[in-house]
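To start, the structure itself, in structure tokens.
Quick caveat: nothing in here was measured; it's all calculated off a predicted structure.
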Amino acid sequence: MFAFLEGLNDKQRAAVEAKDGPTLVLAGPGSGKTRVLTSRIAYLISVRNTAPYRLMAVTFTNKAAREMRDRVAQFLGAGKAGDLLIGTFHSICARLLRRESARIGLDRDFSIYDADDQLNVVKAALAELKLDEKKYKPASIHAAISAAKNDLISPEAYRAESYFQEIAGRVYARYNAILRANNALDFDDLIMETVRLLQSDAAVREKVQERYAHVLVDEFQDTNLAQYALIRLFTGRHRNLFCVGDADQSIYAWRGADYRNVLRLREDYPDLNIITLDQNYRSTQTILDAAMGVIRKNPNRIHINLLTQRGHGPKIAVRELFNEDEEAQFVVDTIEELVRQRAAEPGQIAVMYRTNAQSRPLEEAFIRAGMPYRLVGATRFYARKEIKDVLAYLRVINNPADMISLRRIINVPPRGIGEKTYEQLESAARAREASALDVLTKGDLSLPGRAGRALQEFGLLWAQWVRLRNELSVGQLFDHVLQTSGYKDHLRDGTSEGEDRWANVMALRNVAIEAGDVMLSEFLSNVALVSDVDNFDETVNAPTLLTLHAAKGLEFNVVFIVGLVEGVLPHSRSLDDPEQMAEERRLMYVGITRAKDRLYLLRPFRRSQWGDSEITEPSRFLSDLPDSVVDSKLHKNSELLQATTVWQRQPNKAPAGARFQPGDRVVHPRFGEGLVLRSTLVRDDEEVEVFFFGAGGKRLSAAMSGLKKIRG
DNA sequence: CTTGCTACTCTTTTT
DNA sequence: GAGTAGCAAG
């Protein structure tokens with residue numbers, strides 16, 4: 001008996017042991033999709049005697065890839081797992097393209113541009129075309145370019161159907177030209193260029209197809225057209241394709257993911273073996289019923305009836321709180337209580353939200369309570385200025401043609417090389433068809449005065465770094481550049497903020513040192529392609545704050561979903577488009593199904609934005625929960641509104657000596673949080689009228705009820 | 001060329 | 001309400 005087959009149910013086992021050829025495993029959340037995929041790998045190696053290096057497994061995050069590798073290693077030993085090609089679409093393509101860079105007309109040390117760099121390239125292209133940034137937002141233009149690339153449309157093939165697209169098409173052509181001149185590719189290029197290479201070059205294609213006898217794909221519903229084409233090219237004649245996915249968890253349509261790839265798969269492979277898994281091993285039936293209640297409303301889907309043996313568990317707590325701050329406070333208080341009662345480990349609790357901006361009140365509440373937490377995303381580590389600066393230094397050393405990175409650091413710290421001076425350098429480089437480094441070291445650009453000297457000095461430094469590049473390890477080069485560039489002293493300016501930034505740079509230094517003696521280009525590639533969840537530290541026992549998107553593929557004993565308000569979830573940008581609305585619904589579905597045992601769905605009554613706050617409507621998804629699974633019903637807005645307006649209209653103070661004032665935020669052991677409407681003194685006690693957001697209006701004794709003020 | 005001020009935009013979601 | 005782009009002054 002093989003370890004990887006233990007504990008699998010009949011359907012899972014049928015999937016793992018499927019015969020060669022195209023197979024698609026369609027399965028609901030918590031059904032062990034990834035387990036099936038890893039078991040399949042183990043099965044192919046140990047039962048079917050497939051050499052490990054002949055397998056390619058593709059995931060969407062490095063974290064998923066790492067986990068898959070670890071699990072295969074458990075079954076087969078680290079040696080065999082080490083031979084497997086398991087990686088993300090982007091990392092697999094980057095590797096291939098680096099090896100074959102000559103065939104696509106790039107130097108093997110090409111840079112990989114992230115979202116930030118891409119925006120800078122769009123801005124440069126707009127400037128060259130003398131187009132107004134205000135009129136054509138770089139972000140929108142870039143979205144159009146990215147969409148084209150995800151659909152494998154080259155600048156030449158781009159057909160505009162509107163005036164905006166007309167502009168976008170022109171920028172696209174310039175944009176790509178700039179990328180190539182900088183010896184750089186963007187994220188989307190990694191896929192598109194690999195597809196083009198495999199399509200046009202039979203030798204490379206056959207080499208890849210021959211080598212990888214089996215292709216396995218995780219999260220198939222998130223593939224876009226380019227990735228689908230890539231899968232087909234990888235798969236080739238052997239047709240040994242094994243995909244797992246769940247159309248109900250498709251939440252990346254906005255970046256080109258196309259659930260119709262499932263239909264394409266059926267068309268392209270008429271003999272496709274489809275296996276459906278509905279058994280859920282994660283959540284209580286209560287949570288699954290809630291999830292199905294929400295997802296059922298989506299049109300054009302094949303319903304999977306989610307079933308579990310885990311029993312019903314506690315009901316879902318739906319709570320209405322006054323605003324985001326109180327919502328956050330509720331989360332923290334509830335977590336404290338759950339942990340005190342030993343109902344959950346802190347590390348097994350997650351708080352999820354639609355947008356990164358929503359993490360802020362939560363973070364504040366955690367900090368106030370002195371409770372540690374883990375934050376995924378937000379100001380991403382690799383998006384921080386100091387990190388991008390240091391990486392830009394390394395990138396210009398690795399790839400002297402990279403003007404986007406050069407521009408970033410040429411005057412950081414200030415060296416007296418301003419915009420004008422930089423532009424002269426750039427146009428000199430362009431005129432001579434040489435890199436800026438060549439121009440500087442050959443000394444054939446002589447500018448007079450301060451600027452000229454500053455450039456010359458920088459050129460000497462730069463040339464020295466490039467010479468050291470092959471002599472020093474990445475870690476040593478890192479230290480050397482930081483010191484000699486003056487960036488270290490620039491950053492450590494004596495402020496505490498400077499020290500924070502320095503600490504981040506030191507964290508990056510650790511990554512560089514741990515990288516050992518890899519090539520600089522490989523190191524830069526790796527850091528360009530890490531995602532947020534990749535840095536998720538499993539060993540810290542603290543609650544996790546993350547977006548619903550980032551939560552996909554994860555599971556927690558206790559899940560809070562906050563901000564369940566129209567305009568947030570579903571997001572306001574999705575309200576008028578049924579397709580986008582369906583995706584918001586799937587997002588809610590993904591969130592609910594992350595929970596194993598307990599689920600809290602929170603709705604703030606007021607939402608603050610742009611400084612002032614406004615009354616919210618509860619998310620439509622809340623009303624799609626079956627009555628039987630929730631522990632309380634929502635209040636009408638009019639009731640909640642009444643509570644807040646009553647005290648606003650009656651600003652009459654409570655009598656002297658009263659503990660409670662109208663407008664005070666209070667908490668009651670049984671009724672939860674509420675708002676004091678009025679307070680009167682009765683003999684030696686105080687009668688308080690409170691509107692509780694979860695329980696309605698009550699009249700209570702101040703002395704007897706256990707009523708407490710919240711903060712101040 | 002750098003610094004400091006004002007005015008303006010911005011809120012999806014990410015490899 | 002906050003981060004940043006753009007501008008004026010030093």
Query raised in the report: Pairs in or reaching into residues 249-259 of chain A: which pass salt bridge (Lys or Arg N to Asp or Glu O under 4.0 Å), with residues at least two apart or in two chains?
Result: A:Asp258-A:Arg260, A:Asp258-A:Arg264

Report summary line: A:Leu461 meets the side-chain contact (heavy atoms from CB on, under 4.5 Å) criterion, sequence neighbours left out, with A:Gln464, A:Trp465, A:Thr484

Query - Cationic N near anionic O, under 4.0 Å, A:Glu566 to A:Arg620 - result: yes

Query raised in the report: Looking at residues at least two apart in the chain, or sitting in another chain, which of them share a side-chain hydrogen bond (donor to acceptor under 3.5 Å, both in side chains) with A:Arg69?
Result: none

Query raised in the report: For A:Arg586, which contact category applies under a 4.0 Å heavy-atom criterion: base, sugar-phosphate, or nothing?
Result: nothing

**Report entry** Members of residues 563-578 of chain A that approach DNA chain B, where some heavy atom sits under 4.0 Å away
**Finding:** A:His571, A:Arg573

**Report entry** Set of side-chain hydrogen bond (donor to acceptor under 3.5 Å, both in side chains) partners for A:Tyr373, sequence neighbours left out
**Finding:** A:Glu363

Requested in this report: For A:Phe110, check ring pair (Phe, Tyr, Trp, His ring centres under 6.0 Å) against everything at least two apart and list the hits.
Outcome: none

Report task. Assign A:Gln580 to base, sugar-phosphate, or nothing according to its heavy-atom contacts below 4.0 angstrom with the strands shown. Result -> base

**Report entry** Nucleotide B:dT11, atom C1' - distance to CZ of A:Arg360 in whole Å
**Finding:** 13 Å

Query raised in the report: In terms of ring plane angle, is the pair A:Phe220 and A:Tyr228 parallel, tilted or perpendicular, where the classes change at 30° and 60°?
Result: perpendicular

Report task. Could you state the atom-to-atom distance from CG of A:Asn224 to C1' of B:dT14 in whole Å? Result -> 12 Å

Report task. Considering just the side-chain nitrogens and oxygens of A:Thr547, establish if one lies under 4.0 Å of OP1 or OP2 belonging to B:dT14. Result -> yes

Query - Contacts of type side-chain hydrogen bond (donor to acceptor under 3.5 Å, both in side chains), residue A:Glu100, not counting sequence neighbours - result: A:Arg103, A:Lys207

**Report entry** Residue list, ring pair (Phe, Tyr, Trp, His ring centres under 6.0 Å) with A:His90, at least two apart or on another chain
**Finding:** A:Phe187

**Report entry** Partners passing side-chain hydrogen bond (donor to acceptor under 3.5 Å, both in side chains) against A:Ser574 (at least two apart in sequence or in another chain)
**Finding:** A:Glu584

Report task. In whole angstrom, give me the gap between the C1' atoms of C:dT4 and B:dT13. Result -> 23 Å

Query - A:Trp502: partners by ring pair (Phe, Tyr, Trp, His ring centres under 6.0 Å), with sequence neighbours left out - result: none

Query raised in the report: Between B:dT11 atom P and A:Glu324 atom CD, what is the distance in whole Å?
Result: 18 Å

Requested in this report: Provide, to the nearest angstrom, the distance between the NZ atom belonging to A:Lys149 and the P atom belonging to B:dT15.
Outcome: 18 Å

Report task. Give the rounded distance in Å between these two atoms: NE2 of A:His549 and C1' of B:dT13. Result -> 4 Å

Report summary line: Heavy-atom nearest nucleotide on DNA chain B taken for A:Ala357 and for A:Tyr422; more 5' hit belongs to A:Tyr422

Requested in this report: Using a 4.0 Å heavy-atom cut-off across all strands, classify A:Ile417 as base, sugar-phosphate, or nothing.
Outcome: sugar-phosphate

Report summary line: Here the residues of residues 252-260 of chain A within 4.0 Å heavy-atom distance, strictly under, of DNA chain B are A:Tyr252, A:Trp254, A:Arg255

Report task. Can you label the angle between the A:His549 ring and the A:Trp254 ring as parallel, tilted or perpendicular, going by 30° and 60°? Result -> perpendicular

Might you list the N or O atoms of the protein lying below 3.5 Å from N or O atoms in nucleotides 7-10 of chain B, with each pair's distance?
residue : atom : partner  : partner atom : Å
B:dC10  : OP2  : A:Lys137 : NZ           : 3.2
B:dC10  : N3   : A:Trp610 : NE1          : 2.8
B:dC10  : N4   : A:Trp610 : NE1          : 2.5

Requested in this report: Would you kindly give the CG-to-C1' distance between A:Asp218 and B:dT15, to the nearest whole Å?
Outcome: 14 Å

Query - Listed nucleotide nearest any side-chain atom of A:Ala550, set B:dT2, B:dT14, B:dT15 - result: B:dT14

Requested in this report: Pick the C1' atom in C:dG6 and in B:dT11, then give their distance to the nearest Å.
Outcome: 23 Å

**Report entry** Closest nucleotide among B:dT13, B:dT2, C:dA2 to the A:Pro414 side chain
**Finding:** B:dT2

Report task. Can you tell me the distance, in whole Å, between the OH atom of A:Tyr589 and the P atom of B:dT13? Result -> 24 Å

**Report entry** Distance in angstrom units between A:Ile251 CD1 and B:dT14 P, rounded
**Finding:** 9 Å

Query raised in the report: Can a side chain N or O of A:Asn356 be found less than 4.0 Å away from OP1 or OP2 on B:dT11?
Result: no

Query raised in the report: Looking at CG of A:Asp189 and OG1 of A:Thr194, how far apart are the two atoms once the value is rounded to the nearest 0.5 Å?
Result: 9.5 Å

Report task. Tell me what A:Asn411 touches on the nucleic acid: a base, only sugar-phosphate, or nothing, going by heavy atoms under 4.0 Å. Result -> sugar-phosphate

